[in-house]
Amino acid sequence: MAENLIEIEGLRKQFDAPGGQSHIALEGIDLAVREGEFVSILGPSGCGKSTLLYMVGGFIAPSAGRIRVAGTAVDRPGPDRGPVFQEFALFPWKTVLQNVMYGLRVQNVPKAMARARAMALLDMVNLGPYADFFPKQLSGGMRQRVAIARTLAYEPRILLMDEPFGALDAHTRTNLQNELLGIWERDRKTVLFVTHGVDEAVFLSDRIVVMSASPGRVDEIVVVDLPRPRVRAELLVDRRYQDLVLHLEARLEVMQPSRTGAFS
Amino acid sequence: MNRVRSSTAWYWLGSIWPVLLVLALWQGVTAGGLIGPQLLPSPLAIAERLVERLQQPEFLFQIGQTLIRLGLGFAIALVAGMLLGAAMALGGERWLGPLVRLLAPVPKIALYPGLVLLFGYGHASKVALVVADVVFPIIYATYHGMRSVQPKLVWSAQAAGAGAGATILGVLLPSATPSLLTGCRIGLVIACINVFLAEMISSTDGLGHLLIVAARSYQVVDMFVPLVLISLIGLCLASALQWLRNRLPAAAA
Amino acid sequence: MSPGAVRGARARATGVAALPRPGGRHLLGRVLPLVLPLLFVALVWEACSRWAQTEEMPGLAEIGAAFVAILGSPRDLAGVSASLWRMAAGFALGLAIAVPVGLAMGRSPALARALNPITTMVYPVPKAALMPIIMLWFGIGDLSKVLVIFLGVSLPLLYHSYQGARSVDEKLVWSARAMGMRAAPRLVRIVLPGALPEVLLGCRVGIAMALITMVSSEMIARQDGAGELLFNALDMAVYPEVYAMILLIALIGLGLDFGFERLRRWLVRWSDTLQANDA
């Protein structure tokens, strides 16, 4: 039984506006994630799922509660928790290869070795020929693959993915979902995957944390007991898959995010 | 290859024709005698005189004086402006912001007599004027360039393990470069203008001074030559920076 | 939403620039950021003056006395106000000519293509440097001075009006055309209000340029007015008066900018675009 890699206890996040109003984004979040698990965080807009992810990443500080990764408290970003953002966040002034090499160079890996590892990763995501292109010359799907390769390059223990396929068209999205699972199957990293797509969450995950909004709380944790490797064509006609999707869709339907005015 | 080159030439011509038209009209009006040469010399006469003067070492010396002040002033303003702008972007806005906002609307040319008192009639007062006026667009460009960096870029760098220094140098500055180049373009033109005006107001040498000397002796063509020259210098510098900015991959954003 | 994004959202909602302003809404909080830098500059000056101990760098007391003397002298005030009137005339001329042309450029790509190369060429020319040439043509009277100021303000007014007109949402214009509005009324009733935020930014730059052009052209021409007073003091080695005049001109610049900014903010309070609030 793998140990808990991520432990979140009593997490709370409150944002204060200068006018004196405050908005509670997250309240009382308790969550434990085992090493090698693929966990999705699913919920309607405004439920704080991205905020939760960023706090695990160390980009935002909690108002109360604790996050521990491998036993140590999280207080800043680090290469053990690699982010992949919806907007790709590639450095526009660097080539594709330079972007992927970035984390390695920051950690003082010798240039030749960094180059080799970066090229290997680019080949893995089928972007080898584009190594010397600039991000602006690539399509959205290609940029996201570069972003994933860049994060994988410095071999984080945990992948923090914030709706990484949200900005892509449906076809590219399904392709990348398959690619992501293929990559994940190789190393079995721990993944926290934020999404508001039910079928995406069920397709990818071992467990799904369903969140409700205003304030963001854990509504339910659903175990996805479907066999791997997951093949979309088979899943679509699998009864268990359909039940899971229906159940989750119904839960999301029930949750109506309330409006707090100042922050919408 | 030849086809590509000639099509770019046509494209260039296509965008510059209004200027050529104005020049042609100007030539026509003056050469045709509608306006006398003692009021407005023809562009050809000015060009001829310019070429003639460019072969005179004394004229080249004057150009050199102007360029020295221009270059030195701009260089100092660039360094100071980048440091101040970066300081403001990284948290110093509380203290530096009000000071910059206070001094910005003051017409710096009005400071020139004071600068002459403090620094004398030579290079220093003009360099000081250029620094005073050019530092503001540079501060502004650096500040806004660094502030408008996408936070996710910074987060990506931090997650990869980059410390504060590496983040500033490796992410904030490259992101700010397009903005900075635009600020430099504005700054260079302001520098040219300020040097020239300062040399007109009070100086013993330089291009601006030459204009005043020519004005006093009613040498109309010689009044136009330094003016045209400084304008061409400003134009070339601005165009060079614009070209540089467009070549940057980061300018796509 | 991060606190910064919240601040930005509220700022956008109220139309105020989103750069953080220390102090918030308290009166002291608003006055202090203006007063503190002034005090800082004054203290630095006084310290340098005492340290240098030269005639060329008089202390605050002497400068203050000279300043009061200028304000009390009818002749000096007449010169300064004449300068300001000429500035206003040149600016008004710019508004009347450069703004409409700029707006038209924004709506007509052909006109823009024709005029843009010319404005690019003219941009690096120091407008005040044209003063001797203009005086050659139009004599030494007010016309030359007003004309030079007009030339100085035209470019920023033109450029910003052009940009403003360009950025007007095409759908607004289409709606007006569908209602049967003709080109000229459209320009005034749809394009101008839509372009107004940008035009007013151009005016802010234009006011600064008017002052700069006025001061520099008068320092070159040396007949009367603020610039002449300034340079006269230098020539006659009345050093405190030099700095007092600089101070006066600086205060005029600050006052005009501050006053116009309030007007501009109020006029575009409906706009949801962020407006930069530095020069």
Side-chain angles (χ1 to χ4, degrees), chain B residues 15-19 21-22 38-40 93-95 97-114 116-118 136-137 139-140 143-144 147 151 189 192-194 196-197 200-202 208 211-212 214-215 218 220 223-224 226-227 230-235 237-238, chain C residues 2 4 19-22 32-34 36-38 40-41 56-57 113-118 120-133 135-137 207-208 211-212 214-216 219-220 226-227 230-231 233-234 239 242-243 245-246 249-250 253-254 256-258 276-279:
Chain B
S15 42
I16 220 168
W17 66 263
V19 180
L21 186 64
V22 169
Q38 66 278 21
L39 276 185
L40 180 65
E93 210 275 342
R94 261 188 97 89
W95 305 112
L99 192 61
V100 170
R101 269 187 281 269
L102 178 75
L103 296 175
V106 173
K108 312 301 177 306
I109 193 81
L111 299 172
Y112 184 57
V116 168
L117 275 184
L118 295 172
F136 286 91
I139 289 177
Y140 184 75
Y143 173 72
H144 277 266
R147 292 268 308 195
V189 175
C192 288
I193 292 175
N194 272 299
F196 196 76
L197 287 178
M200 283 179 77
I201 292 168
S202 168
L211 197 161
I212 294 292
Y218 294 97
V220 183
M223 283 167 74
F224 274 84
L227 190 60
I230 194 71
S231 308
L232 286 174
I233 293 174
L235 194 65
L237 290 172
Chain C
S2 70
L19 286 175
R21 282 192 161 272
L32 220 55
L34 295 170
L36 276 180
L38 270 169
F40 176 72
V41 172
E56 279 86 1
M57 200 168 180
R113 267 198 306 273
L115 291 183
N116 268 329
I118 299 176
T120 315
M121 293 279 159
V122 169
Y123 169 52
V125 177
K127 311 300 180 304
L130 296 168
M131 196 61 183
I133 296 170
M135 287 204 296
L136 197 65
W137 294 345
I207 287 177
L211 187 59
I212 293 172
M214 181 267 278
V215 171
S216 39
M219 283 203 279
I220 292 170
L230 178 51
F231 229 79
L234 179 65
Y239 301 140
V242 172
Y243 295 104
M245 269 313 293
I246 292 178
I249 294 173
L254 283 171
L256 284 173
D257 187 68
F258 187 72
N277 69 347
D278 330 345

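Every chain is numbered from 1 and lettered A, B, ... according to where its sequence line falls, protein lines coming before strand lines.
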* To do: Check B/Leu211 against C/Ala129 and note the closest heavy-atom contact, atom names and distance.
  => CD1-O, 4.0 Å
* Structure fact -> From the list B/Val106, B/Ile233, B/Val189, the residue making the most non-hydrogen contacts under 4.5 Å with chain C is B/Val189
* Contact class of C/Ala208 relative to chain B, heavy atoms under 4.5 angstrom -> neither
* C/Val41 versus chain B, heavy atoms under 4.5 Å apart: side chain, backbone, both or neither? -> side chain
* Asked: Minimum heavy-atom separation for C/Leu254 to B/Leu102, with atom names?
  -> CD2-O, 3.0 Å
* **Shortest non-hydrogen contact from B/Ala110 toward C/Ile246** => O-CG1, 3.2 Å
* Segment of C/Phe258 engaging chain B (4.5 angstrom heavy-atom cut-off) -> neither
* What part of C/Leu256 is in contact with chain B, defined as an atom under 4.5 angstrom from a non-hydrogen atom: side chain, backbone, both or neither? -> neither
* To do: Give the minimum heavy-atom separation between B/Ile109 and C/Met219, together with the two atoms involved.
  => O-CE, 3.3 Å
* To do: Write down the atom of B/Ile193, the atom of C/Pro124, and the distance for their closest heavy-atom approach.
  => CG1-O, 3.8 Å
* **chain B contact via C/Leu234 - which portion, at a heavy-atom distance below 4.5 Å** => side chain
* Structure fact -> Counting heavy-atom pairs under 4.5 angstrom with chain B, the leader among C/Gly253, C/Pro126, C/Ala114 is C/Pro126
* Contact class of C/Val242 relative to chain B, heavy atoms under 4.5 angstrom -> side chain
* With a 4.5 angstrom heavy-atom cut-off, could you sort out which part of B/Leu227 is near chain C: side chain, backbone, both or neither? => side chain
* Measure the shortest side-chain to side-chain distance between C/Met121 and B/Ile16 over non-hydrogen atoms and say whether it is less than 4.5 angstrom. => yes
* To the nearest 0.5 Å, tell me how far B/Leu99 CG sits from C/Leu36 CG. => 10.5 Å
* Taking the side chain as C-beta and beyond, is there a heavy-atom pair between C/Pro37 and B/Arg101 under 4.5 Å? -> no
* For the student: nearest non-hydrogen atoms of B/Gly114 and C/Tyr243, plus distance -> O-OH, 3.6 Å
* Value rounded to 0.5 Å, distance of CG in C/Leu230 from OH in B/Tyr112 -> 12.0 Å
* Would you mind telling me which of B/Ser231, B/Pro226, B/Ala238 has the largest number of heavy-atom pairs within less than 4.5 Å of chain C? => B/Ser231
* Who among B/Gly208, B/Pro18, B/Gly234 has the most heavy-atom pairs with chain C under 4.5 Å? -> B/Pro18
* **CD1-CG distance between C/Ile133 and B/Leu40, expressed to the nearest 0.5 angstrom** => 8.5 Å
* Contact class of B/Ile212 relative to chain C, heavy atoms under 4.5 angstrom -> side chain
* To do: Apply the test side-chain contact (heavy atoms from CB on, under 4.5 Å) to residues B/Leu235 and C/Tyr123: give CA-CA distance (whole Å), side-chain angles for both, the deciding distance (0.1 Å), then the verdict.
  => CA-CA 8 Å; B/Leu235 194 65; C/Tyr123 169 52; over 6 Å; no
* Asked: So do B/Leu197 and C/Ile220 actually touch side chain to side chain, heavy atoms under 4.5 Å?
  -> yes
* Report yes if some heavy atom in the side chain of C/Pro117 is under 4.5 Å from a heavy atom in the side chain of B/Trp17; otherwise report no. => no
